[in-house]
A.B. asks: 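One structure, as structure tokens, below. Some questions next.
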Amino acid sequence: MNSLDWAVLIGYFGVMVGIGVWSHRRVEDVGDFFTAGGRMPWWLSGISHHMSGYSAVMFTGYAGIAYQYGITSYVTWAFPIAVGIAIGARLFAGRLNRLRSRLGVASPLEYLKSRYDLRTQQALAWSGVLLKVVDVGAKWAAIATLLSVFTGLPLDRGILLTGVITGVYCTVGGLWADALTELGQFVIQLLAGVAMLVAVLGELGGVGGLGTVWDRLPQGHAHPTAGPYTVTFLLAYLFIKTFEYSGGMWNQAQRYMATGSAREARRSALLSAALWFVWPAVLFFPMWAAPLLVTAGKPDASDAYALLVERLLPHGLLGLVVVGFFSHTMAMCSSDANAIAAVFTRDIAPAVSARARGWSQRAGLVAARLSTVCFLALSMAIATQVDSPAFKDIITVVITWVGGLVGPVSIPFLLGTVPAFRRSGPVAALVSWAAGLFAFWLTNYGLDGVRLQIQIAAPVATSLVLFTLLGLVRPERSAARDALLARINAPDGDGSGPVREAVVSGEG
């Protein structure tokens, strides 16, 4: 990178901070900070949902998969996410919006105290927070890895730089700042992705190279599934991503909660699904063609895309692509930080501190901002350990840890809003959660030689089966839970009055 590239990067950071400061004026209470007060347009929510769903891991870990195996990187990653979000648009988006509009909650997990009990709410909250610390740590490590290729900055300094900039704007402006910066990041990503596509096509002989490139690439590059990424893996990933990207990881749930109505939440989900169908294919093509243009230096080929950018793009455009890397990671990490702050201040802190239960709106807002900073700092510390024996490489953390652990956290949360599971109560929720965590440990650390698709599918499948079966053989229905579900599932325009007191007190 030269001075022009650095100017582009510094200018980007300045704009992100400026958006955060501007958004600060729109945040008056915790509802504004965590759910934009329910005033976010559906199209902005949809773009924000899309951008908060992937990070610079796409340009490191998934770039390595694309380099080694070809189009399976799209077929077994972006495609199942798109399908999963489309399924979630029908099943979960509207229900999640009604958590805010009808129950008056500001945190995705706030309703669980009434749906199940305090123990269930705390189990899901604490385990989900710990999972996201590891997940976001992997994202910081990914962007720092890319930054080191372009600038030579040590890993720790790269993590610190991106974390501090992200912390400034998302702490000051809350969800509004997240969504607006993600809109800007989407535009930057669009320009950078198109520039990279044009540059690669130029090296391959123009648009006509689209038809001949597959004959020149390594054998099997055009196969939809390859290596460890089999059809079974694809189905398992679809299963998991339907829950994760439909709100199971909380930050996506916030996007649905932030829209004005259930109908707008569904439109937001469908827009995000459409973007996932189309845009990753544009971004992936240069990675698929990379074996013809560069030789990866790392065993997992995670440096392939960065090497491609350095070779093909002139200064200025190179800086724009680096900004695109940052935009991915900062979008996901800031949205996760906001979701975790919501869970901590609205669900965890009131359960462990009588003082927190009496916070004023101002005190709650201060606590939300402080918890955002603490989460970012802890995840940055974890990022320095991503390549340690405990976590292994970046893609292992993202696929195995996140894919494996999302089920136990999301099954009771999401299915708890669906009337068909009204018989599943606190026992079903806690047993399915605990058994899913045990299945994760067993398949990843207790047994040797377990296939990747089993590692990621076993925890969520265990949680789903036990949550469903226990609801059938040990039903825990109550009038209070039935009334809560009725409010979440009543058609729009019916039963929309807030019942904030019932949710906080845990009464029906």
Side-chain angles (χ1 to χ4, degrees), residues 95-96 99 103-134 243 247-250 253 339-359 367 371 375 404-419 421-441 459-460 462-485 487-488 499-508:
R95 292 182 170 99
L96 291 171
L99 295 182
L103 305 185
V105 304
S107 157
L109 299 190
E110 207 167 342
Y111 93 105
L112 292 180
K113 185 178 177 182
S114 296
R115 176 59 180 86
Y116 301 110
D117 57 20
L118 180 62
R119 293 179 306 161
T120 304
Q121 182 199 46
Q122 293 302 297
L124 296 181
W126 281 102
S127 57
V129 166
L130 294 175
L131 168 60
K132 291 310 295 182
V133 168
V134 175
F243 289 102
M249 291 301 279
W250 307 344
I340 294 304
V343 170
F344 179 80
T345 58
R346 305 293 290 185
D347 304 318
I348 293 176
V352 300
S353 169
R355 184 176 180 181
R357 290 193 288 273
W359 277 338
S371 58
F375 169 77
L405 289 173
V406 68
V409 176
S410 64
I411 292 293
F413 167 54
L414 289 175
L415 296 186
T417 66
V418 180
F421 296 91
R422 67 175 71 247
R423 296 161 64 94
S424 298
V427 172
L430 285 172
V431 170
S432 67
W433 166 80
L437 295 183
F438 176 74
F440 170 79
W441 173 85
V460 67
T462 300
S463 295
L464 177 61
V465 170
L466 287 175
F467 185 77
T468 304
L469 286 180
L470 285 172
L472 296 174
V473 302
R474 194 184 185 282
E476 300 176 86
R477 287 188 65 176
S478 71
R481 293 191 188 102
D482 287 349
L484 185 70
L485 282 170
R487 297 195 68 83
I488 297 172
V499 288
R500 174 72 187 146
E501 296 80 4
V503 174
V504 172
S505 67
E507 300 171 358

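We use all heavy atoms of the structure for the numbers below, so side chains are in, but hydrogens, waters and symmetry mates are not. The chain is numbered in sequence order, starting from 1.
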A.B. asks: OG1 of Thr468 to CG of Leu472: how many Å apart, nearest 0.5 Å?
C.D. replies: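 One gets 7.0 Å once the value is rounded to the nearest 0.5 Å.
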A.B. asks: By side chain to side chain donor-acceptor pair (under 3.5 Å), which residues pair with Arg477, not counting sequence neighbours?
C.D. replies: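 Per chain and number, Arg477 pairs via side chain to side chain donor-acceptor pair (under 3.5 Å) with Asp482.
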A.B. asks: Taking all atoms of both residues into account, what is the closest heavy-atom pair of Trp250 and Ala125, and its distance?
C.D. replies: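 Minimum heavy-atom contact is CH2-O, 3.7 Å.
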A.B. asks: Residues two or more places apart in sequence or in another chain: which of them pass side chain to side chain contact (heavy atoms under 4.5 Å, CB included) with Pro475?
C.D. replies: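 Partners of Pro475 by the side chain to side chain contact (heavy atoms under 4.5 Å, CB included) criterion, ordered by chain and then number, come out as Arg423.
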A.B. asks: Could I get the full list of side chain to side chain donor-acceptor pair (under 3.5 Å) partners for Trp126, not counting sequence neighbours?
C.D. replies: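 Partners of Trp126 under the side chain to side chain donor-acceptor pair (under 3.5 Å) test: Gln122.
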A.B. asks: Tell me, which pairs form a salt bridge (charged side-chain N to carboxylate O under 4.0 Å, His left out) where one or both residues lie in residues 462-475, sequence neighbours left out?
C.D. replies: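 Found Arg474-Glu476.
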A.B. asks: Within a strict 4.5 Å, meaning less than it, do heavy atoms of the Pro408 and Phe440 side chains meet?
C.D. replies: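 In short, these two side chains do not touch, never coming nearer than 4.5 Å.
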A.B. asks: Got a list of side-chain donor-acceptor pairs under 3.5 Å for residues 426-439, not counting sequence neighbours?
C.D. replies:
{"from": "Ser432", "atom 1": "OG", "to": "Ala428", "atom 2": "O", "distance (Å)": "2.9"}
{"from": "Ser432", "atom 1": "OG", "to": "Ala429", "atom 2": "O", "distance (Å)": "2.9"}
{"from": "Trp433", "atom 1": "NE1", "to": "Ser127", "atom 2": "OG", "distance (Å)": "3.0"}

A.B. asks: Taking only distance into account, with no hydrogens and no angle test, what donor-acceptor pairs under 3.5 Å do side-chain atoms of residues 350-359 form with protein atoms, sequence neighbours excluded?
C.D. replies:
{"from": "Ser353", "atom 1": "OG", "to": "Arg355", "atom 2": "N", "distance (Å)": "3.3"}
{"from": "Ser353", "atom 1": "OG", "to": "Ala356", "atom 2": "N", "distance (Å)": "3.2"}
{"from": "Arg357", "atom 1": "NH1", "to": "Pro350", "atom 2": "O", "distance (Å)": "2.6"}

A.B. asks: Would you please name every residue forming a side chain to side chain contact (heavy atoms under 4.5 Å, CB included) with Phe243, sequence neighbours left out?
C.D. replies: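 With sequence neighbours excluded, Phe243 shows a side chain to side chain contact (heavy atoms under 4.5 Å, CB included) to Phe92, Phe239, Ser410, Ile411, Leu414, Leu415, Val460, given in chain and number order.
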A.B. asks: Once side chain to side chain donor-acceptor pair (under 3.5 Å) is applied, do any residues pair with Thr462, and if so which ones, sequence neighbours excluded?
C.D. replies: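 Side chain to side chain donor-acceptor pair (under 3.5 Å) list for Thr462, sorted by chain: empty.
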A.B. asks: Could you list the residues that satisfy side chain to side chain donor-acceptor pair (under 3.5 Å) with Arg115, not counting sequence neighbours?
C.D. replies: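 For Arg115 there are no side chain to side chain donor-acceptor pair (under 3.5 Å) partners, ignoring immediate neighbours.
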A.B. asks: Give a yes or no on whether the backbone of Pro412 and the side-chain of Tyr116 come within a donor-acceptor separation of less than 3.5 Å.
C.D. replies: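 A pair under 3.5 Å: yes.
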A.B. asks: Nearest 0.5 Å please: distance from the CG atom of Asp347 over to the OG atom of Ser107.
C.D. replies: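 Rounded to the nearest 0.5 Å, the CG-OG separation comes to 3.5 Å.
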A.B. asks: Tell me, which pairs form a salt bridge (charged side-chain N to carboxylate O under 4.0 Å, His left out) where one or both residues lie in residues 428-438, sequence neighbours left out?
C.D. replies: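 Matches after skipping sequence neighbours: none remain.
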A.B. asks: Do Phe413 and Leu96 have side-chain heavy atoms sitting under 4.5 Å apart?
C.D. replies: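 The answer is yes, as the side chains (C-beta and beyond) meet within the 4.5 Å cut-off.
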A.B. asks: Tell me whether Ser424 contacts the main-chain N or O of Phe467 through its side chain, where contact means a donor paired with an acceptor under 3.5 Å.
C.D. replies: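 Checked: pair present.
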A.B. asks: Rounded to the nearest 0.5 Å, what separation is found between the CG atom of Leu112 and the CG atom of Leu99?
C.D. replies: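 Nearest 0.5 Å value for the CG-CG distance: 8.5 Å.
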